[in-house]
Structure formats: C-alpha cells, structure tokens
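What follows is a single structure, written as structure tokens, with notes after it.
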Amino acid sequence: MTKSVDLAKMSVPQLVERFTALALGQFEAELYGEIAKYNRLYDQLEAIERELKNRTGDERTALISLLAHENPQVRLDAAQATLAVAPAAARQALQDVSDRNEYPQAAYARGTLMSLQKGTRKPT
C-alpha cells in the first residue's frame, strides 16, 4: 500500500520528480500487464496535474522539460498534461512518440492527436 502524499506541500520540482517516477511506473506496469497498477498511477498523475494547474500561474509549464525525456511514457504523460499550456510543444511530443512507433504509447499518442484534430478533446 502506498502512503498518502500531500501534494499541496510539495515544491514544483518535487512534483515534477514525482510525476516522472509515476510515469516510469506506468511504463513498467504496462510492460507487465498490470492494468490496475497502471490505472492507480494514472490517477496519481492526474492529481499532480491538477495540483500544478491550480497553483498561481498554472505550473504545468514545469512539465515541459519532460517532453524530451528518454522514456516514451514520460513524454506521453507530459504531453497530455501540457496540451493547454504548451500546445505546439505537446503536440510535437505526441507526434514524435507516434512517428517513432513507440508502442503502446504511439497508439495513445495517435488517439490524442486524432481527438484534438476532430475537436473532441479540448485541453483546459
């Protein structure tokens, strides 16, 4: 069981570090078919994104540096989280994951790009 973390007490660099660790955990969970774990980690990533968004000036911009991370899951998660604050960079990161055929992340990236193009996903 994972101990509860008070995200509000964490600094932005700590949140970015935690976001990275959770995304790497997702990568591993996906690799081993641990869907429940993947989903729990997703929920934790969403909580960090919300915390950053709610901070003065929308601190999701701190995740932009992760768009160049070596791991495709980290890049995918960072791109998803930064679509509203850095749309061009986030879309490019999604396109890069797709173009490199980094599966299964490439499929998620393509789905997001299609949703953005159709207008069924509107980043906030």
Side-chain angles (χ1 to χ4, degrees):
M1 177 137 188
T2 311
K3 69 176 188 164
S4 180
V5 176
D6 187 353
L7 299 177
K9 292 183 179 177
M10 295 177 76
S11 68
V12 170
Q14 288 172 321
L15 289 169
V16 171
E17 184 178 327
R18 182 161 176 80
F19 187 96
T20 305
L22 292 169
L24 289 170
Q26 265 193 319
F27 181 80
E28 189 172 302
E30 178 97 51
L31 189 63
Y32 294 107
E34 299 171 324
I35 304 307
K37 179 179 179 182
Y38 181 96
N39 291 337
R40 281 192 305 276
L41 294 168
Y42 178 86
D43 291 342
Q44 292 175 49
L45 284 164
E46 289 273 302
I48 291 173
E49 184 181 346
R50 277 191 308 275
E51 176 62 31
L52 289 168
K53 180 180 179 180
N54 291 331
R55 293 200 178 185
T56 303
D58 194 337
E59 292 288 344
R60 289 180 292 177
T61 55
L63 298 173
I64 294 170
S65 65
L66 299 181
L67 297 175
H69 196 278
E70 63 187 18
N71 184 276
Q73 186 69 45
V74 175
R75 292 195 312 274
L76 174 68
D77 288 338
Q80 302 272 11
T82 59
L83 277 166
V85 295
R91 283 178 187 246
Q92 186 58 56
L94 291 168
Q95 190 64 56
D96 290 346
V97 171
S98 174
D99 291 348
R100 292 178 187 165
N101 289 317
E102 295 174 302
Y103 282 98
Q105 293 78 19
Y108 294 118
R110 289 178 186 141
T112 300
L113 289 167
M114 285 176 43
S115 295
L116 290 166
Q117 185 177 11
K118 289 180 183 177
T120 55
R121 175 156 184 196
K122 301 201 185 311
T124 58

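Along the sequence shown, residues carry numbers from 1.
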Applying side chain to side chain contact (heavy atoms under 4.5 Å, CB included) to Ser115 and not counting sequence neighbours gives Thr120, Arg121
Considering residues, nucleotides and ligands other than Glu46, do more than 12 of their heavy atoms fall under 6.0 Å from its CD?
yes
Restricting to salt bridge (charged side-chain N to carboxylate O under 4.0 Å, His left out), what partner residues turn up for Glu30, sequence neighbours left out?
none
Under 4.5 Å side-chain linkage, directly or through intermediates, the cluster mates of Tyr108
Tyr38, Leu76, Leu83, Leu94, Leu113, Leu116
For Met10, check side chain to side chain contact (heavy atoms under 4.5 Å, CB included) against everything at least two apart and list the hits.
Val5, Leu7, Gln14, Leu15, Arg18
Compare every heavy atom of Ala106 with every heavy atom of Ser98, then report the nearest pair and how far apart it is.
CA-CB, 4.0 Å
Listed by chain and number, what are the salt bridge (charged side-chain N to carboxylate O under 4.0 Å, His left out) partners of Asp58, not counting sequence neighbours?
Arg60
What's the shortest heavy-atom distance between Ala90 and Leu67, and which atoms?
N-CD1, 4.0 Å
Should Glu51 and Arg55 count as an ion pair when the cut-off is N to O under 4.0 Å?
yes
Spell out, yes or no, whether Val74 and Leu22 are grouped together once hydrophobic residues are joined by side-chain heavy atoms under 4.5 Å, including indirect joins.
yes
Going by salt bridge (charged side-chain N to carboxylate O under 4.0 Å, His left out), name the residues that satisfy it together with Arg50, two or more places apart in sequence or in a different chain.
none
Determine the sole option in Arg100, Gln73, Gln26 for which the side-chain hydrogen bond (donor to acceptor under 3.5 Å, both in side chains) test with Gln105 is passed.
Gln73
Below 4.5 Å, heavy atoms only, C-beta onward: do Leu41 and Lys37 meet side chain to side chain?
yes
Which atoms form the tightest heavy-atom contact between Leu45 and Ala23, and what is the distance?
CD2-N, 4.1 Å
Inter-residue atom distance Glu49.CD - Leu52.CG, 0.5 Å rounding:
8.0 Å
Which residue, Tyr42, Phe19, Phe27, forms the side chain to side chain contact (heavy atoms under 4.5 Å, CB included) with Asp77?
Phe19
If you group Ile, Leu, Val, Met, Phe, Trp and Tyr by side-chain heavy-atom gaps below 4.5 Å, do Val97 and Leu63 land in one group?
no
Donor-acceptor under 3.5 Å (Arg75 side chain, Leu66 main chain)
no
